[in-house]
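Worksheet: one structure, shown below.
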Amino acid sequence: MSAKAEIEIIEAYCKGCSICVEFCPTKVLEMDAFVVKVANADACIACNQCELRCPDFAIKVHKL
Amino acid sequence: MAYDYEKSIRPGKLPHIWCPGCGHGIVMKGLIRAMDTCGLEKNNTAIVSGIGCASRMPGYLDFNTLHTAHGRAAAFATGVKMAKPEMTVICCGGDGDGAAIGGNHFIHACRRNIDMTYVLLNNYIYGMTGGQFSSSTPPGHLASTTPYGNPDPAFDLAKLAIGAGATFVARTTAFHATQIDKLIVEGIKHKGMAVIEILDDCPTTYGRRNKFRSVVDMMKRLKDIAVPVTAAAKMTPEQLEGKTLTGVLHKEDRPEYCENYAKIIARVQGA
């Protein structure tokens, strides 16, 4: 399955709360030393849940 | 393209000061999207707040903003609206600021039905000042000033607003991110006092004292307690035990304060 969106992470803004990791329905994101990273980009279905629930303006979902 | 939040935020203000996992950022995003949907112009919008974590919001938003005394957001916002009735006035603040310290101003703004939108972020605690219990801390819960459990019953802020006379009252949670902007849009479009209570999480001063192991636990709690009003109509009182109704809770039409005041001026000047 190919990715439906490209997820941009602004690491300087991420505070590592892991809300995005928990509520991603396809487990695209993962925590890495208290900062989120894209671990499984191909599984992204562009649902935008991570961007909507990121309290720190650190995630941008660019639909492809 | 991803949604551009930064066009509504003052340059260089991010990252914000809120703690990791604090839902205030989610609510601010919802507020930005809502103001964008309503097509509000920066020069014709005033955002007013008091003191507290949630009241930091105007510091980030690139609109006309007013950061006022503790609990006095509704009072200052009333002044702005009376002086410039054509302006869209939005208040934001927390439960401690809006409904405890500023409870008096809040209920009288509701009673007058002045045309403003009050975004009330209820995180059950005074977060910024050190986790003291507020008027909406649930009974039995722990705060820095109630180390053996809060003896007081909590305010239901939406019911308080309805009882005080607000003509649009809605509730949602920080978990329900898309509902936040939908309800704020309805509130901004409503002519009269609109109160949108948003249940929020405070992992730092509320969560860690009340056995929430993580931010995610607090978000899951918000997800679990929320029941839409339409679904609640089909549920029994036992099923609704411990739940909170979300959605539009109250809507009515009543004369708006600024218009009433303008009519009095016209009548007296004409006489």
Side-chain angles (χ1 to χ4, degrees), chain A, chain B residues 1-10 12-33 53-54 56-57 60-61 121 123 172-182 198 200-204 207 212-223:
Chain A
M1 203 167 79
S2 62
K4 296 271 195 304
E6 191 184 319
I7 299 175
E8 180 194 347
I9 297 192
I10 304 162
E11 292 189 2
Y13 294 174
C14 179
K15 293 177 185 156
C17 68
S18 78
I19 292 175
C20 53
V21 176
E22 180 65 28
F23 294 109
C24 173
T26 53
K27 304 288 167 220
V28 172
L29 302 165
E30 192 178 281
M31 292 310 290
D32 180 22
F34 298 103
V35 175
V36 66
K37 68 164 188 183
V38 180
N40 186 12
D42 287 347
C44 181
I45 55 170
C47 67
N48 219 18
Q49 298 288 314
C50 53
E51 184 188 300
L52 284 168
R53 295 211 181 91
C54 174
D56 295 304
F57 299 78
I59 301 181
K60 287 181 179 177
V61 178
H62 302 280
K63 285 187 181 160
L64 295 174
Chain B
M1 267 309 284
Y3 188 88
D4 183 15
Y5 292 100
E6 278 164 44
K7 68 179 181 205
S8 305
I9 292 179
R10 291 179 210 267
K13 284 285 183 181
L14 289 177
H16 53 60
I17 60 152
W18 293 314
C19 302
C22 171
H24 289 2
I26 304 175
V27 179
M28 189 162 87
K29 279 178 151 177
L31 179 60
I32 291 172
R33 291 194 303 273
C53 293
R56 293 281 308 184
M57 235 177 246
Y60 300 113
L61 296 169
L121 293 92
N123 58 3
T172 184
T173 80
F175 176 83
H176 300 85
T178 50
Q179 201 181 19
I180 295 173
D181 45 310
K182 277 182 196 151
I198 300 172
D200 210 340
D201 63 324
C202 176
T204 305
F212 290 102
R213 299 185 71 84
S214 68
V215 171
V216 169
D217 281 355
M218 299 196 80
M219 279 287 155
K220 283 183 177 163
R221 175 188 159 272
L222 292 176
K223 184 186 175 189

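Because the structure is a prediction, the values reported are computed rather than measured. So you know, we letter chains A, B, ... as the sequences are listed, proteins then strands, and number each from 1.
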| query | So, B:W18 side chain and B:G23 main chain: donor-acceptor pair closer than 3.5 Å or not? | reply | no
| field | Segment of A:F34 engaging chain B (4.5 angstrom heavy-atom cut-off) | value | neither
| Taking A:P55, A:A58, A:C17 one by one, which has the highest count of heavy-atom pairs under 4.5 Å against chain B? | A:P55
| query | For B:I32, is it the side chain, the backbone, both, or neither that has a heavy atom closer than 4.5 Å to a heavy atom of chain A? | reply | side chain
| said: Could you check whether any side-chain N or O of A:E51 sits under 3.5 Å from a backbone N or O of A:V61, counting only pairs where one atom can act as donor and the other as acceptor? | reply: yes
| remark: Heavy-atom closest pair (B:R33 atom, B:Y3 atom, distance to 0.1 Å) is CA-OH, 3.6 Å
| task | Evaluate whether atom NZ of B:K223 has more than 12 neighbouring non-hydrogen atoms of other residues, nucleotides or ligands under 6.0 angstrom away. | result | no
| message | If you count heavy-atom pairs within less than 4.5 Å of chain B, which of A:E8, A:K63, A:H62 leads? | response | A:H62
| Does any heavy atom of chain B fall under 4.5 Å from the side chain of A:C14, the backbone, both, or neither of them? | neither
| field | Proximity breakdown for B:I180 and chain A, heavy-atom pairs closer than 4.5 Å | value | neither
| said: Can you give me the closest heavy-atom contact between B:F175 and B:M219, atom names plus distance? | reply: CD1-O, 3.9 Å
